[in-house]
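What follows is a set of notes on a single structure, which appears directly below.
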Amino acid sequence: MKKTKGRMDESILVCVYYGPNGERLIRRGHKMASMLDCPLYILTVDPLPYDEFDAEKSGYIESWKELVDELDIDEFILRDNEKQPTSKVIAEITNKHNITQIIIGQTAQSRWEEITKGSFLNVLLREIPFVDFHVVSLDRSIKADEESHFEKGVRGYLVKDGNDYRLSFSSSKHVCHEGIFYKEIGTDFNNGVFKFIKDNKKCQVHITDDKVTAPINIYPFVKEELLKK
């Protein structure tokens, strides 16, 4: 149960889009909300329905939900299958939750409806004139560095194979974990990183030639099985 905030005259909204900078924005908003002791809301908007999200989008959504729970943030708002302009949605959420401060990322301008060169902020200022905006400068190199090492994430599964776990791209009754596989660029084999959620925690394992390289360190129940043998 979330505790009652001390100040209800202030309320913060963080607008996030897909990418590694989303977590940084959420943590920035949480720091501000903690200092002000006020409610905090996280918002993301997508024109597609949730069941049509690709593996990468779904992964970010799950990661943000986990972070919201970890930081005891008031609410994560996903407006999927949204046909309104993003600025209209932000204005609607702002009015509904009496938002007084909004945090957006500088590099998000090209993603939020492909509005660039600061014009998206101008649109928001016209839609919501009585709110304070915080435009956070984000590190473009984070995304660039990620993309330089791995291909775009694809949905995958971990399947038990004796004492090991192997990567599969088809669902079956033998699947233990569903997640996202990021293949290393420049390899003909399935080498890379597999990310998934286990017990509401983010997990990451390395894959070499379709197999998890260190299952004992990641899965406690595997260690127990091996000790029994």
Side-chain angles (χ1 to χ4, degrees), residues 2 13-26 29 40-97 102-105 107-115 120 142-143 146-147 150-160 165-183 190 192-205 207 210 212:
K2 298 183 185 298
L13 176 67
V14 177
C15 301
V16 294
Y17 203 76
Y18 311 106
N21 286 312
E23 179 175 341
R24 182 182 175 190
L25 284 175
I26 293 173
L40 173 63
Y41 302 90
I42 311 301
L43 170 68
T44 190
V45 182
D46 199 295
L48 291 177
Y50 182 75
D51 57 9
E52 293 183 16
F53 285 11
D54 60 22
E56 188 172 27
K57 282 187 178 182
S58 298
Y60 279 121
I61 295 296
E62 293 306 314
S63 176
W64 293 336
K65 286 181 178 179
E66 180 188 353
L67 186 59
V68 164
D69 289 338
E70 175 190 328
L71 299 178
D72 200 27
I73 292 171
D74 291 83
E75 186 178 355
F76 174 75
I77 305 168
L78 169 62
R79 291 287 292 265
D80 64 323
N81 200 25
E82 183 57 64
K83 306 309 178 188
Q84 296 186 87
T86 302
S87 58
K88 296 287 187 183
V89 178
I90 295 176
E92 182 181 316
I93 297 299
T94 295
N95 292 329
K96 179 179 179 181
H97 295 285
I102 295 177
I103 299 175
I104 62 174
T107 59
Q109 293 166 357
S110 62
R111 296 180 178 273
W112 292 84
E113 301 182 332
E114 300 181 353
I115 300 176
F120 179 59
I142 296 177
K143 183 66 175 177
E146 250 189 18
E147 291 178 341
F150 300 99
E151 297 178 3
K152 183 178 180 179
V154 297
R155 190 173 301 280
Y157 307 89
L158 292 185
V159 177
K160 190 79 162 57
Y165 284 80
R166 62 179 175 80
L167 177 68
S168 174
F169 296 103
S170 59
S171 180
S172 71
K173 64 180 181 180
H174 302 295
V175 167
C176 298
H177 298 289
E178 178 180 351
I180 303 173
F181 175 63
Y182 297 88
K183 183 178 179 180
N190 285 326
V193 174
F194 183 82
K195 298 183 179 182
F196 62 101
I197 303 295
K198 180 179 184 294
D199 297 331
N200 295 320
K201 299 293 183 182
K202 287 188 292 185
C203 297
Q204 175 176 306
V205 293
I207 303 291
D210 292 303
V212 176

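We count residues from 1, following the sequence as given. Keep in mind that this is a model prediction, so the values were computed, not measured.
- Atom CD of Glu178 is separated from atom CZ of Arg155 by 4.5 Å, given to the nearest 0.5 angstrom.
- Shortest non-hydrogen contact noted between Lys65 and Phe76 is CG-CD2, 3.8 Å.
- No side-chain heavy atom of Phe194 sits less than 4.5 Å from a side-chain heavy atom of Gln204.
- The nearest pair of heavy atoms linking Ile73 to Leu40 is CG2-O, 3.3 Å.
- Counting heavy atoms from C-beta outward, Val193 and Ile207 have side chains that stay 4.5 Å or more apart.
- Of the possible polar contacts, none joining the Ser63 side chain to the Gly59 backbone as a donor-acceptor pair under 3.5 Å is found.
- To the nearest 0.5 angstrom, Leu78 atom CG is 5.0 Å from Ile61 atom CD1.
- The two residues Phe181 and Asn190 come nearest to each other via the heavy atoms CZ-C, 3.9 Å.
- Salt bridge Asp46/Lys57: present, at least one basic N to carboxylate O contact under 4.0 Å.
- Seen from the ring of Tyr157, Lys173 does not count as a face-on cation partner, given the 6.0 Å and 45° thresholds.
- For the pair Lys160/Cys176, a side-chain contact is recorded, criterion being any heavy-atom separation below 4.5 Å from C-beta on.
- To the nearest 0.5 Å, atoms CG (Leu43) and CD1 (Ile102) are separated by 9.0 Å.
- Here the closest non-hydrogen pair linking Glu23 and Trp64 is N-NE1, 3.9 Å.
- Taking the side chain as every heavy atom from C-beta outward, Glu92 and Gln84 approach each other to under 4.5 Å.
- The nearest pair of heavy atoms linking Leu48 to Asp80 is O-CB, 3.4 Å.
- Note that OH of Tyr17 and CG of Leu25 are 14.5 Å apart. Values are rounded to the nearest 0.5 Å.
- Of the inter-residue distances, the one linking Ile103 atom CD1 with Cys15 atom SG reads 9.0 Å to the nearest 0.5 angstrom.
- The NZ atom of Lys88 sits 14.5 Å away from atom CD1 of Ile93, with the distance rounded to the nearest 0.5 Å.
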ask   = Would Ile197 and Glu66 satisfy side-chain contact (heavy atoms from CB on, under 4.5 Å), going step by step from the backbone distance to the final call?
value = CA-CA 9 Å; Ile197 303 295; Glu66 180 188 353; 3.7 Å; yes

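- When the shell of 6.0 Å around NZ of Lys83 is examined, it contains more than 12 heavy atoms from other residues, nucleotides or ligands.
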request  = Walk me through it: do Val205 and Lys195 pass the test side-chain contact (heavy atoms from CB on, under 4.5 Å)?
outcome  = CA-CA 7 Å; Val205 293; Lys195 298 183 179 182; over 6 Å; no

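- Phe169 and Gly156 get closest at one heavy-atom pair: CD2-CA, 4.3 Å.
- With a 4.5 Å cut-off on side-chain heavy atoms, Phe196 and Leu158 count as touching.
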